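Quick one: this structure, given as C-alpha cells, is what I'll be asking you about.
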Amino acid sequence: MFTSSRISSLNRHMKTHSTEKPHICHLCLKAFRTVTLLRNHLNTHTGTRPYKCGDCDMAFVTSGELVRHRRYKHTHEKPFKCSMCKYASVEASKLKRHIRSHTGERPFQCCLCSYASKDTYKLKRHMRTHSGEKPYECHVCHARFTQSGTMKIHILQKHSENVPKYQCPHCAAVIARKSDLRVHLRNLHTYRDTGLNCRYCSAVFHERYDFIQHQKTHKNEKKFKCEYCSYACKQERHMTVHIRTHTGEKPFVCHSCNKCFRQKQLLNVHVKKHHNTNFIPTVYECPKCGRAFSRWVLY
DNA sequence: TGAATGAGCGCCCTCTGCTGGATCATG
DNA sequence: ACATGATCCAGCAGAGGGCGCTCATTCA
C-alpha cells in the first residue's frame, strides 16, 4: 500500500498504475513512462555513459550502476548479509540466490530430465547436455567443449609450457590436476580401519601406499635361506639342490657307469658327453669359410 | 520535476571440485 | 594374455562475481 504526505507524490505514484507510456524511443520504438527512463534508454543506444568511476576507467549509463560497480570493485561494501553463514553480497538478488544453497530450493526445472537448478544460468548450461552443443573451441587443435573452463584446462594441460603440477605431500607422486591429487590421496593415503596384510610376512598396514611400498621390499628378497650356511635363493627348488651339498645326497645315477649326481641336469650333461651316440662336439666349423666356433648358437 | 537511489531480473563469466571412461604401467 | 590400479582427461554441476537494463520510490 503506497502512502505519502504529499499529493504530488501520490499523483506520480498513481501514474505507475497507468499503462500510459507517452515517451517513445525513435530508434527502437520502445515506450517509456518518463523522460528520464527514455533518456537512460537512449544512452544504451548511443553508448553515452555519463557516470564515470573516479577510481578506474569504467563508466555507466545510470548512477545506480556506478554505485554497484564501486561496491564490487573499490569499496567492497556488501550490505546483504546471510543469516545462516558469513556470506554477504553487494546485491539482494545474489543473497537470494545464495540462500538457495542453504534451503536446497531448485526453482528451475529441466523440461527434458529430472534435473533442476538453483538459477537460470545453470539450467541453460545444463541444456547443452541435451542439445550436444559445444560452443567453446580450442584455438590450437580445434577440439570443442561444453564449458569454457573445460577448454581452459585443456589448453593449459595440452598446449602450454610450464604446466603446473601438484606434488603429493606424503609421497613422491606428482600429478597433473588438483582433483586427481585428491583422488590419489583418497586411494593411497587415507587411513583404513581394516588393515592390509602383507602376503610375505606378518606386517599389517592401514594406508595403501605404505602397504604397496612394503610389498616391493619383498620383490627381490631371497626368502629361502640355507640352515647350514649363508646361502640364500629366491626359489625353493634351488634350495633343495643346494641342501644336497650338505647332506651328500646324489639321487641321479648314470645307468651306464653308475656315477651319481646331485642334479638331473649334471647327469644329462654327463650322459651326453660320455655315453650318448649323438654327442655334441665342442667345435663347430663353418663348411663355407672353415671358421671354428665353440657353440652352436655362435656358429 | 529531474536526479538519485535501490530493488529486481537477466545474462555471462570464472573458479572449483567430483565423476567416470580411457589409457597406460605393472604384476 | 589378462587383471588390476593409478593417472589422464573431458563432462558436468555448485557457487559466486560482475555488469546491462528497467522501473518504482525518494530526495533536493
Side-chain angles (χ1 to χ4, degrees), chain A residues 2-6 8-17 21 30-41 43-45 49-51 58-73 76 78-80 82 85 87-102 104 106 108 110 115-130 132 134-136 138 143-154 156-158 163 165-166 168 171 173-188 199 208-209 212 215-216 219:
Chain A
F2 179 83
T3 56
S4 175
S5 57
R6 295 165 67 175
S8 62
S9 293
L10 176 61
N11 287 337
R12 180 148 58 164
H13 169 77
M14 291 309 287
K15 287 180 182 173
T16 67
H17 295 298
K21 291 179 175 179
K30 195 171 178 181
F32 296 89
R33 214 171 35 75
T34 68
V35 176
T36 307
L37 290 174
L38 174 60
R39 192 188 304 127
N40 283 343
H41 171 78
N43 283 341
T44 68
H45 284 304
R49 293 167 177 264
Y51 297 90
M58 294 288 281
F60 302 88
V61 171
T62 65
S63 62
E65 290 170 63
L66 174 60
V67 168
R68 189 179 55 180
H69 160 79
R70 289 189 52 74
R71 282 180 178 164
Y72 269 124
K73 294 294 188 182
H76 305 294
K78 294 179 176 178
F80 301 95
C82 177
C85 70
Y87 177 77
S89 67
V90 169
E91 297 175 79
S93 63
K94 298 297 184 286
L95 178 59
K96 194 176 170 185
R97 186 177 65 181
H98 164 81
I99 296 286
R100 292 192 189 120
S101 70
H102 291 302
R106 291 167 181 269
F108 305 96
C110 175
Y115 175 76
S117 78
K118 292 167 185 168
D119 63 65
T120 52
Y121 176 69
K122 287 186 192 67
L123 177 58
K124 190 176 177 183
R125 190 177 62 180
H126 163 82
M127 294 313 285
R128 288 182 204 146
T129 67
H130 295 301
K134 294 184 175 183
Y136 304 96
C138 171
R144 300 196 76 92
F145 303 88
T146 55
Q147 292 186 15
S148 62
T150 310
M151 181 183 69
K152 195 177 172 185
I153 290 290
H154 161 85
L156 183 71
Q157 300 285 345
K158 290 285 188 73
V163 182
K165 295 277 186 180
Y166 298 91
C168 173
C171 70
V174 178
I175 293 163
R177 288 157 202 251
K178 204 176 179 180
S179 57
D180 287 328
L181 174 60
R182 223 169 261 116
V183 173
H184 167 90
L185 290 170
R186 195 170 57 217
N187 288 344
L188 292 174
R199 75 179 100 149
R208 208 178 136 66
Y209 178 79
I212 291 168
Q215 295 273 70
K216 284 178 182 173
K219 191 180 171 185

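The chains referred to below are lettered A, B, ... by the order of the sequence lines, with proteins before strands, and numbering in each begins at 1. Since the structure is predicted, the reported quantities are computational estimates derived from the model, not experimental observations.
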* OP1 or OP2 of B/dC13 under 4.0 Å from side-chain N/O of A/Lys152 -> no
* Excluding sequence neighbours, so at least two apart, what forms salt bridge (Lys or Arg N to Asp or Glu O under 4.0 Å) with A/Asp180? -> none
* Asked: Do the side-chain N or O atoms of A/Arg182 get closer than 4.0 angstrom to the phosphate oxygens (OP1, OP2) of B/dG17?
  ->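 Result: yes.
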* Can a donor-acceptor pair be found between the side chains of A/Thr150 and A/Gln147 at a distance below 3.5 Å? ->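 There is no such pair (donor and acceptor under 3.5 Å, judged by atom type) between the side chains of A/Thr150 and A/Gln147.
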* To do: Round to a whole Å and report the spacing from CZ of A/Arg186 to C1' of C/dG5.
  => 14 Å
* With rounding to the nearest 0.5 Å, note down the distance linking OG in A/Ser89 to CZ in A/Arg97. =>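 These two atoms lie 9.0 Å from each other.
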* Structure fact -> Sequence neighbours excluded, the answer for salt bridge (Lys or Arg N to Asp or Glu O under 4.0 Å) partners of A/Arg100 is A/Glu105
* For A/Leu188 and C/dA6, what is the distance between atoms CG and P respectively, to the nearest whole Å? ->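 Roughly 5 Å, once rounded to whole Å.
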* To do: Locate the shortest heavy-atom distance separating A/Pro135 from A/Arg128; write the atom from each residue and the value.
  =>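 It is CG-NE, 3.9 Å.
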* Side chain of A/Ala176: nearest nucleotide among C/dC8, B/dC18, C/dC12? ->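 Out of C/dC8, B/dC18, C/dC12, the nucleotide with an atom closest to A/Ala176's side chain is C/dC8.
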* Asked: Taking only residues two or more places apart in sequence or in another chain, which ones pass salt bridge (Lys or Arg N to Asp or Glu O under 4.0 Å) with A/Arg177?
  ->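 Partners of A/Arg177 by the salt bridge (Lys or Arg N to Asp or Glu O under 4.0 Å) criterion come out as none, since no residue qualifies.
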* **Residues forming a salt bridge (Lys or Arg N to Asp or Glu O under 4.0 Å) with A/Arg71, sequence neighbours excluded** =>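 For A/Arg71 the salt bridge (Lys or Arg N to Asp or Glu O under 4.0 Å) partners, ignoring immediate neighbours, are A/Glu77.
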* To do: Whole angstrom is fine here: how far is it from CD1 in A/Ile153 over to P in B/dT19?
  => 18 Å
* Side-chain N,O (A/Tyr136) to OP1/OP2 (B/dC12) below 4.0 Å ->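 Indeed not, no polar side-chain atom of A/Tyr136 lies that close.
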* Asked: So does A/Lys134 get a side-chain nitrogen or oxygen closer than 4.0 Å to the phosphate oxygens (OP1/OP2) of C/dG11?
  -> yes
* Would you indicate what A/Ser63 reaches in the nucleic acid, counting non-hydrogen atoms under 4.0 angstrom: base, sugar-phosphate, or nothing? => base
* To do: Check the distance between B/dG21's P and A/Asp180's CG and give it to me in whole angstrom.
  =>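 It works out to 15 Å between those atoms.
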* Asked: Taking NE2 from A/His130 and C1' from C/dC12, how many angstroms apart are they, rounded to a whole number?
  ->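 It works out to 12 Å between those atoms.
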* Asked: Which nucleotides of nucleotides 14-20 of chain C have their base under 4.0 Å from a protein heavy atom (B), which only their sugar-phosphate (S), and which neither (-), written as one string 5' to 3'?
  -> BBBBBBB
* Counting just side-chain N and O atoms, does A/Arg177 come under 4.0 Å of either OP1 or OP2 of C/dT7? -> no
* Distance in angstrom units between A/Tyr166 OH and B/dT16 P, rounded ->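 About 8 Å, once rounded to whole Å.
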* **Residue-phosphate contact under 4.0 Å: A/Lys124 side-chain N/O, B/dC11 OP1/OP2** => no
* Rounded interatomic separation in angstrom, taking CZ from A/Arg128 and C1' from C/dA10 -> 15 Å
* Asked: Expressed in angstrom and rounded to an integer, what is the separation of A/Lys158 atom NZ from C/dT7 atom P?
  ->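 After rounding, the reported distance stands at 18 Å.
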* Asked: Should A/His184 be listed as having a side-chain N or O under 4.0 Å from OP1 or OP2 of C/dA6?
  -> no
* Listed partners of A/His184 passing ring-ring contact (aromatic ring centres under 6.0 Å, His included), at least two apart -> A/His189
* Asked: Contact class for A/Thr150 (heavy atom, under 4.0 Å): base, sugar-phosphate, or nothing?
  -> base
* Looking at five pairs on each end of the helix from B/dT1-C/dA28 to B/dG27-C/dC2, what is the angle between the two axes, given to 10 degrees? ->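 Helix axis angle between the two ends: 20°.
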* Please identify each residue that fulfils ring-ring contact (aromatic ring centres under 6.0 Å, His included) with A/Phe108, with sequence neighbours left out. =>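 Applying ring-ring contact (aromatic ring centres under 6.0 Å, His included) to A/Phe108 gives none.
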* To do: Go through the structure and list residues passing side chain to side chain donor-acceptor pair (under 3.5 Å) with A/Arg68, not counting sequence neighbours.
  =>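 Per chain and number, A/Arg68 pairs via side chain to side chain donor-acceptor pair (under 3.5 Å) with A/Glu91.
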